[in-house]
Structures are given as structure tokens and as C-alpha cells.
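Inspection log for the structure reproduced underneath, given as C-alpha cells.
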Amino acid sequence: MDISNVLIYLSGFIILAGIYGIFSLGLNVHWGFTGLFNIGVAGFFALGAYTAAILTSQTPDPQLFEDHLFGGNLAQLLDFGFDFWFFVGLAASAIVCAVAALIVGVITLRLRDDYLAISTLGIAEGVRLTFLNESWLANGNRGLYRIPKFLGDLVSPSNYDLLYALTVLLVLAVLYFIIQRAVNSPWGRVLRAIREDEMTAAASGKNVARFKIEAFMLGAAVMGVGGAVYTHGVRFIDPFAFEPFMGTFVIWVMLIIGGSGRNIGAILGAFIVWGIWSGTQFIPGSGGEARFLHFDLANIRYFLIGTLLIITILIKPDGVIGEFARIHTAIRRLRYRNLEHNPEED
Amino acid sequence: LRAFISEDNEGRHLLIHKDKLTEYMISNKYQPAVIFITSLLALALLFWVADPALIVNGILLGFVFALGAIGLSLIYGILKFAHMAHGDFMTFGAYLAFFVVSTIFGNKIIDSDGIGPFTFDYPILIAIPISMIIVGLVSVLLDFVIYRRLRMKRSNVVVMSMASLGVAIALRAVVRMLWGTQPEHYPRVSKMFYQLPLEIRIPPDNIFVAAISIILVIGLYFFLKKTRAGKAMRATSDNPDLAKACGINTERVVQGTWFLGSAMAATAGVLLAISQAQLLPFMGWKLIIPLFAAVILGGIGSPMGALIGALIVGLAMEVSTGFISPAYKPAIAFLILLLVLIVRPQGIIKSGN
């Protein structure tokens, strides 16, 4: 086996696992730190991806960019020395998602947890349906293609994946440090207080609704960046990429398995689950006519992902890296002690 | 009418009183009557605005939703968590019936004329109870393996919801592994639609679906109101700890709920497959938002509410196609859901204490 083949496979793996790591980080802000049951990750995913794609691949002025009417690499025209549009795309995706999260959050964050889940699921489907049916906006079900490569003209196409893998890792690292700082600040402590007990946080004079919306916006912005990085990574997007399974549930499984409430766990979970997912893609399907015991093994990956989620919830609710387990048990013990003292409180 | 309200002071005064009266009546025992009359009025208004064919289709679609919504409402009311795998239980039930009909009975094409005006033959009527029992038992088993352990750990309802998502994914994968991803259908013969005036056409199968769902709603209503088991269920739904203290075996009640709810989901799946004339591994999951919309609209835990909610959601989805692209039908269900959550989260029918 050639070493360069291994490198190509590895960088392809890192690109997608890293992108899912970004989503997992964003979801960790929602669920791991604030306890918001958001099962509409796909909505922010789609918004971020489409924002970046529309911004970077369509030319605003046909006169100026005549040669690149159908989405050339705008960076070549701008003489900035580096790929300016990629970062514009990232920033714009983050802003669009944060604004969307603000709107969605004001409406839904005051709802009960389970209602919030159903609402976010519905919003994600709404976003997907809009991109699917409004063909003037993003070419409908044919999707957007010819999305430019980031720094595409710097290296030869065969080495491009390696370069992009490094980019993804860089973005992941930057986001990791930003989120790490945010959640370790006093602001982050309030989020954890809200997660553990909303009433107590409110009683301590914290504006719970406001903190929730801020956390929702931060997480959504991170997901938006993830969407933008995804766009430039696969360079072809259509609404089918944002169906609930690949857009939301896989990310949930990653976060839960890696360990929610801990950023490094979220990233680790993404790499583990993506390893399982891409490692099982070579299982052949049986094909042919569908009758009972058709036993299409290719679908066993879905089964694996679903059961992994259940098993983790049952056996190791804190995921692979369960550092927070200690704190959780301490809090639980404290609660039970309180219960023993005044049982009418329950 | 609008002119009258805005100009006449006296009239506005009267209206305020009327508001109070309605509020009083809604909060009281006249509730069903009020809801019945308002829905009739709304229906009359709809007939005036929209195409009658769409309205009839909407009601029939509502009956399809209703069957799934009743089971979901029951599970939601007693177990208190959003059961995300309900749609996939429907799919599973439909495919099990398909297995019974096509593999056990071995008929892939119907050679007889089917029963009466319907497109199916007697094997499906045998397949429905078999599929109900199997899906019910599977759900009780899943409860024993997963949800019971979470309950014993006193887990958050959100964690249970998440586990049900895992169940949904795994169950759908099982369906895809066993039966593939290509569309299937029950053996069927083509039958004439009923022709009504105003260019309304009704597939006879949908009459069957509507009849079954009305029977099940009424049956469940009386089961919950009159029988001991039903009363135990309602007691557990209201206050599990108190119910336990009164000597009700709440674990048994929970198992019963799973069995009943999932068996209804299985029926709903079969009838959905009959009315759509095809089976797909995704067909149940796609209904999850309309189902939740119906359940929350009707008030969690109330079978009658689930029926009314499902009818409203079905109607709204069909009627909306007269104004906007049919591709947005699922979004309409979601908009209703969002509206209800914001305006009246307890649903139109409060679950009676």
C-alpha cells in the first residue's frame, strides 16, 4: 500500500470527522452546557451551508466577473493574497445562523423541553423544505455545485484534501478555544446552573431566558461555521444532505457517545462515530428484489448507530470521557440529601 | 359584522361579555358541545372559502392521522415523554402485516374481487391483529429493556425521548434490512372511487380507515372512563406516586399503555399503507410532526382530543394545498403545532382531572 493513498484516505476522513466535530461542539453548547434539547441541528447546518455556498459561488456582478459567471474562484480576482471569500462565508454563515437562532429562540425557548425538541425538529424540516422547493433561492433539488475550493489554486488537486483537512482542524481548534473560554467564564457557569436547575438559577437573579437565547445563538453560530466548512469540503450541496438522520441524529449520537458537557468529548465522539460510520460503508448491500429476509446488510450501519445511542444512554450516560460524572453524582447526592431532610419538596 | 363591532360601543360591550361566557363554557362541562359547534361553524366557513374536494380529502387524511395520534397521545399522557419512535412503530406494523399477507398467505396478487368495495382481501384483516400483537409485545419488551431502567434511574424525560430516537433509528434500520428500501404494496385490486356531487371523489378504503379510527376512539374513550384498567391508567397519568400509594401497580399500567399505544400504532400503519397504496421504510417517520401537532392540539392524553386534533391538522394540510405549493404540507402541520404551543399549550381539550 502506498503511503500517499493512506494519507489521502486519512485526510478525507479528517475533513468529515472534523466537520462533524464542529457540529458536535455547537450541539454541546446547546445540550451539554445549557440542557436545550435541540433536535433541529440540520436546520442550522443547512442555513450555514447554503449561506456560504450562495455567497462564495455566485457572482454579484456579471460584468466584473464575466469569466466566473457560474462560480469560479473569486479569490483569484481579489488579489488579497489569501482566500478572502472563504472567511467571509464562515462569518456570514455564523451571523445568519445566530440571527435565525435569535428568532427561533425567542419563540421556542420558553417551551417545555419536549415541546422544544418537536419544534426544533419542525423548524429544521421547514428550512429543508424551503431550500428544496424554492428553486430561485438555491437551485432546488438539483443543489448547488461548482462551489470554489478554498485556496484551490495554491496546491495541486491531488494534495488538496490534505490542505483542506488542515484547514478543518484549524477551524475546529479555534472554535474549541472560543467555546472553552466561553463556558469556563462566569457566563458559562450560569449556563450549567440553568442546565442543572432552572428554578435555582432564576432564584439567584439570573435572567434565564436571556442566557438560554445567548447560548442558543452561540451554538447555532458554531453550527453555521460547520455548515460553511462542510460546503467547501464537499463542494456540492443539495437539500438531501440535510435530512434529519445525517443532519441531526448522527451528531446527537456523536455528542452522547463522546460525552456531553465536555468539549474534547464532543470532538472525540465525532471522530469515533464517524470512524464507525465510514468504516461500515463498505458492507455490501444484497440488492435484488425486496422480499422478507432480503437482509440488506448495508443498512446495518443505521441499526448500529441507533443501538449505540441507546446503549450509551443506558450504560454510560456521560459518554466515553465522563469527567463530569463526578460533578453530576456530587450534585445528585446533594439533592438526595436534601430530599431526605424535607421529603415534601419532591 | 366587523363594522358593527368597531362602531357600536354597545356592541363591543356585548362582545366582551360573550368572550367571558365562552371562556366559562370552555372551562366547564359544556366543553364538548362548544367544541363540536365551533368546529361545525369552522367547517361551514371552510366550505365557503376552500374547494370542497380538498375538505373531504382533508377529513379523510385526518382519520389516518387520528389512529396514530391516539396511541401517541396515550403514551405521551402516561409516560410523560415525547415518543419519537411512534411513527416507526407504525411502519413496523405495516411491514409485519405485509409479511403476513405476502409471505405467510403467499399471495402477491389478488385473484378474487376483494371484500365489498375495498381494494384488499380477507388476509389483511387477519394480518392486522397479528401485527398489533407483535408490535405491542415488541414495545413492552423495549420498555422492559430500555425505558424501565431509565425510570428506575429517575432519568429526565428528555433522556427517555432521546432513547426513543435511538429506538426509532434502529427500528427503521431493521425494517430496511428485512424488507429493503424499495416501495412495496399490499396485494390489491383496483376499485371505483365513490363519486359525490361537487366533483368529490372518495376512495372506498378511506371510509374503512375512518370507520376503524372512529371505533377505536370510542372504544378507548369508554375503556378509559369505565373500566378498572382504564381508571388505573388515568390515575397513573395524573399522579404516578399517588396512584402507586393507592395500590395501583403502575409498572403494569405502563406496560398496558405501551401495548395498547403500540398496537394502535400498528393498526395505523397498516391503514396508512392501505390508504396510500404503498409501503416505505420512511412513511411513519414522516408523520411524526403531524402526529405531535394533533396530539398537542387535542391535549395530551385525551383520545377524543387526539381525534379532533388530527382532523384539524389533516384539514389544514389538505386545504392549504389550494393556496400554496403541496410541497409545504408538512410545514403547515408544524405551523399549527407552533401556534398551539404558543397560544394554548394545554390543547383544546384539557385532560380531565
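Note: hydrogens, waters and symmetry copies are ignored here, and every other heavy atom, side chains too, is used. Sequence lines set the chain letters: A, B, ... in the order given, protein chains first and strands last, and positions in each chain run from 1.
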Chain A heavy atoms under 4.5 Å from [X]: which part of the residue, side chain, backbone, both or neither?
X	answer
B:Tyr76	side chain
B:Met84	side chain
B:Leu338	side chain
B:Val159	both
B:Leu171	neither

For chain B, which candidate among A:Leu116, A:Leu121, A:Ile39 shows the most heavy-atom pairs at distances under 4.5 Å?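 Sorted descending by pairs with chain B, the first entry is A:Leu121.
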Picking from A:Val253, A:Leu309, A:Ile310, A:Thr312, which has the most non-hydrogen pairs under 4.5 angstrom with chain B? A:Ile310
Does the side chain of [Y] come within less than 4.5 Å of [X]'s, by heavy atoms?
X	Y	answer
B:Ile169	A:Phe303	no
A:Ile313	B:Leu150	yes
B:Ile296	A:Ile118	yes

Value rounded to 0.5 Å, distance of [atom1] in [X] from [atom2] in [Y]:
X	Y	atom1	atom2	result
A:Ser119	B:Ile289	OG	CD1	9.0 Å
A:Ile315	B:Arg149	CD1	CZ	6.5 Å
A:Asn133	B:Tyr328	CG	OH	4.5 Å

For B:Trp285 together with A:Phe249, are the ring centres under 6.0 Å from each other?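 So the answer is yes for these two rings.
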Matching residue for A:Tyr302 among B:Met177, B:Arg172, B:Arg176 - test: side-chain contact (heavy atoms from CB on, under 4.5 Å): B:Arg176
Counting only non-hydrogen atoms closer than 4.5 Å, does A:Ile256 touch chain B with its backbone (N, CA, C, O), its side chain (CB onward), both, or neither?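 Side chain only.
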Can you tell me if B:Phe144 has over 12 outside heavy atoms packed within less than 6.0 Å of its CZ?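 Counting other residues, nucleotides and ligands, CZ of B:Phe144 stays at 12 neighbours or fewer.
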